[in-house]
Amino acid sequence: MSKPDISTLSEDEARAELERLAKALAEANAAYHQKDAPEISDAEYDALKLRNEAIEAAFPHLKRADSPSDQVGATPSDGFAKVTHAVRMLSLGNAFDEEDVEAFKTSIRKYLGLGPDASLAFTAEPKIDGLSLSLRYEQGVLVQAATRGDGAVGENVTANARTIDDIPQELSGAPEVLEVRGEVYMSHADFQALNDRQAQAGGKTFANPRNAAAGSLRQLDASITRGRPLRFFAYGWGELSEDLAQTQYDAIARLADLGFQTNPLTRLCSSADDMIAHYRQIEAQRATLGYDIDGVVYKVNDLALQGRLGFRSTTPRWAIAHKFPAELAWTRLEKIEIQVGRTGALSPVARLTPVTVGGVVVSNATLHNEDYIAGRDAKGNEIRGGKDIREGDWVQVYRAGDVIPKVADVDLSKRPEGAAPYVFPTLCPECQSEAIREEGDAVRRCTGGLICPAQAVEKLKHFVSRQAFDIEGLGAKQVEQFYSDGWIAEPADIFLLKDRYGQGLQQLKNREGWGEKSANNLFQAIEDKRTIPLGRVIFALGIRHVGEAASNLLARNYGSWDAFESAVTEAAGREGPAWDSLLNIDGVGEVMATALVTAFAQESERASIDRLVAQLTIEDAAQPDTEGSPVAGKTVVFTGTLEKMTRAEAKARAEALGAKVSGSVSAKTDLLVAGPGAGSKAKKAAELGIETLDEDGWLELIGAA
Ligand code: IVH
């Protein structure tokens with residue numbers, strides 16, 4: 001193939017050549033990585049890659065979505081089948097210091113109502129920095145392996161998992177159904193060797209062992225995974241046809257007996273001192289373990305107690321991750337920029353001279369708000385000894401877990417001469433609307449609403465995010481593109497895209513990264529989401545203070561969009577029965593309720609919501625699976641002292657049985673559970689003729705006496 005000088009290429013020629021190069025490089029990659037049989041020399045490969053990069057540099061707008069410059073080696077892994085987890089895969093709450101660990105223990109004792117003398121043992125084990133995997137065995141045979149995904153639905157990576165030596169294909173003496181959960185990780189030595197190999201082959205190198213493990217497991221072609229040295233530690237389970245043991249410690253021992261690797265640093269601790277001592281021991285060994293860990297996980301040992309404690313929306317009450325202190329590094333703060341979020345919040349961001357912190361290159365850090373920059377906390381107390389942060393400062397940054405890096409300190413001795421205190425803007429940098437700070441709010445907010453492009457785009461990004469509409473092929477990047485092209489200005493427009501496209505947006509398929517097929521796939525993905533559960537719609541609206549858990553709570557309480565919408569509309573005056581019933585939902589406070597009714601009462605926002613809803617078929621909220629539950633759908637109020645369980649436990653159990661737990665008695669109350677000392681609520685219930693039970697009566701009713 002002759003190679004014309006790039007400067008003489010027309011756009012069409014450049015586009016065609018990029019397409020040819022993408023194909024040639026994909027073939028070369030497949031031959032090299034998947035068939036282990038390279039068809040061209042390394043030098044030829046490099047030349048193709050360089051040519052591709054040079055054309056992309058000259059015609060950046062023609063860069064392909066599947067550009068070879070962005071690829072590791074083989075096809076990107078976006079084609080895994082989905083697996084719905086039989087038991088959700090959750091994450092862990094965090095403790096950052098001993099006080100947090102103490103609070104964790106206290107809250108468990110309180111929840112369970114344990115007296116000061118009752119013993120409470122925990123296991124303590126390293127928190128492996130990898131990615132979690134669920135392995136399903138039926139009749140002792142590995143039938144499925146799935147990543148965590150969003151906790152409810154993961155990716156089917158069975159073929160890949162089968163290539164990992166630590167994962168047994170068959171078990172003897174296992175329960176009929178056994179889901180083993182644990183962490184896939186890569187050792188430091190294997191990570192180094194892999195990166196060396198990748199670099200030599202001109203492939204992408206990985207930033208850290210965790211990314212390498214994830215990238216290696218999530219390969220569409222399992223033969224690539226086979227060549228990657230992955231390992232697996234088992235630390236838990238999902239669905240089981242019979243119990244593994246009575247305690248966490250014994251259950252893990254049982255998994256070890258069945259042939260799984262379990263972490264040798266797992267200990268049983270009977271006191272807080274034991275837990276902290278073990279934490280220190282693991283911390284001391286951290287550097288020489290040979291694999292990355294980022295903390296210590298404590299779990300209640302008694303599995304019956306684990307069962308009673310249960311889960312919050314995304315984390316178990318019976319376990320916590322005690323994280324190691326964050327790693328620190330010094331660098332230059334080059335500039336302070338203001339980002340405008342979905343709810344109009346002006347968030348200052350530090351642009352840093354890139355620096356490596358704990359294996360990851362950091363170039364941005366959050367500065368929270370204007371008080372933080374000025375060296376004060378929300379209450380006006382000094383932080384960092386009152387030192388403010390200025391552009392040009394020498395700052396210390398840290399990362400804790402996956403969170404956004406933060407600025408810990410400023411070195412005043414290195415402050416450039418003439419550096420001026422930072423002046424926080426009072427106009428929105430995106431739309432020039434006034435940015436105001438309400439009394440008691442640490443954050444300054446743009447008042448532009450949907451006329452502010454930043455708010456509109458962030459709202460759209462939130463709308464398509466994974467916990468909201470989760471439209472395949474429509475991520476943050478595409479939303480930005482479509483918004484700046486004027487194709488979508490609000491969520492409803494997403495569902496009108498296809499019609500508009502039909503009437504002349506033929507450009508889509510000519511746009512960078514889009515073809516006929518991908519455009520049609522996008523339209524199909526959008527169609528697929530026209531029918532959507534109520535909880536997701538509420539969350540997708542992006543109303544302040546209304547997160548995922550709250551959205552699901554509201555959905556369960558109101559059941560249907562119509563009921564939800566009319567309740568929130570009626571509550572607009574912030575008084576009357578609709579307002580009271582909103583506040584009566586356990587978990588909805590004034591702040592959230594106010595945010596909700598304000599959003600629905602705001603004319604343009606309401607119109608935008610109505611336009612969206614007109615495009616959708618909203619599914620009523622699924623009630624919890626409570627077949628045979630005597631209290632499903634009933635509104636229950638607890639009052640007085642409970643003696644067999646704490647209030648929190650009683651509430652969690654009632655909710656698990658499909659009851660709504662309310663804080664006050666009204667005509668809508670179906671049942672009052674009154675312990676000793678019950679006062680006005682019992683009186684009111686009696687007046688209203690509401691059925692009243694004592695604690696034993698309640699336990700008997702729910703079959704737990
Ligand atoms: S137990 C119900 N134990 O940490 C949740 N998790 O931050 C049970 N992880 O998603 C998790 N080491 O991927 C548990 N020894 C360990 C762990 C561990 C690493 C990961 C796991 C989890 C994440 C939560």
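Each ligand, and each atom within it, is numbered from 1 in the order the structure gives. Hydrogens, waters and symmetry mates play no part in the numbers below; they use all other heavy atoms, side chains included.
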Contact table, ligand 1 N/O with protein N/O, distance under 3.5 Å:
from: ligand 1; atom 1: 3 (N); to: Lys299; atom 2: NZ; distance (Å): 3.1
from: ligand 1; atom 1: 4 (O); to: Lys127; atom 2: NZ; distance (Å): 3.2
from: ligand 1; atom 1: 7 (O); to: Lys127; atom 2: NZ; distance (Å): 3.3
from: ligand 1; atom 1: 10 (O); to: Arg148; atom 2: NH1; distance (Å): 2.6
from: ligand 1; atom 1: 12 (N); to: Ile128; atom 2: N; distance (Å): 3.0
from: ligand 1; atom 1: 13 (O); to: Ser132; atom 2: OG; distance (Å): 3.4
from: ligand 1; atom 1: 13 (O); to: Glu183; atom 2: OE1; distance (Å): 2.7
from: ligand 1; atom 1: 13 (O); to: Glu183; atom 2: OE2; distance (Å): 3.4
from: ligand 1; atom 1: 13 (O); to: Tyr235; atom 2: OH; distance (Å): 3.2
from: ligand 1; atom 1: 15 (N); to: Glu125; atom 2: OE2; distance (Å): 2.6
from: ligand 1; atom 1: 15 (N); to: Pro126; atom 2: O; distance (Å): 3.2

Checking Glu458 against Lys461 for the salt bridge (charged side-chain N to carboxylate O under 4.0 Å, His left out) test, could you report, in this order, the C-alpha distance in whole Å, the side-chain angles of both residues, the deciding distance, and whether it holds?
CA-CA 5 Å; Glu458 291 309 314; Lys461 285 190 198 164; 3.2 Å; yes
Treating Asp190 as the side-chain partner and Met186 as the backbone partner, does any N or O pair qualify as donor plus acceptor under 3.5 Å?
no
Quick one: do Glu183 and Arg231 make a salt bridge, cutoff under 4.0 Å?
no
Aromatic rings Phe104 and Phe122: how do their planes relate, parallel, tilted or perpendicular, breaks at 30° and 60°?
tilted
Lys/Arg-Asp/Glu bridge criterion (N-O < 4.0 Å) met for Lys651, Glu649
no
Over 60° means perpendicular and under 30° means parallel, so classify the ring planes of His322 and Tyr298, tilted if in between.
tilted
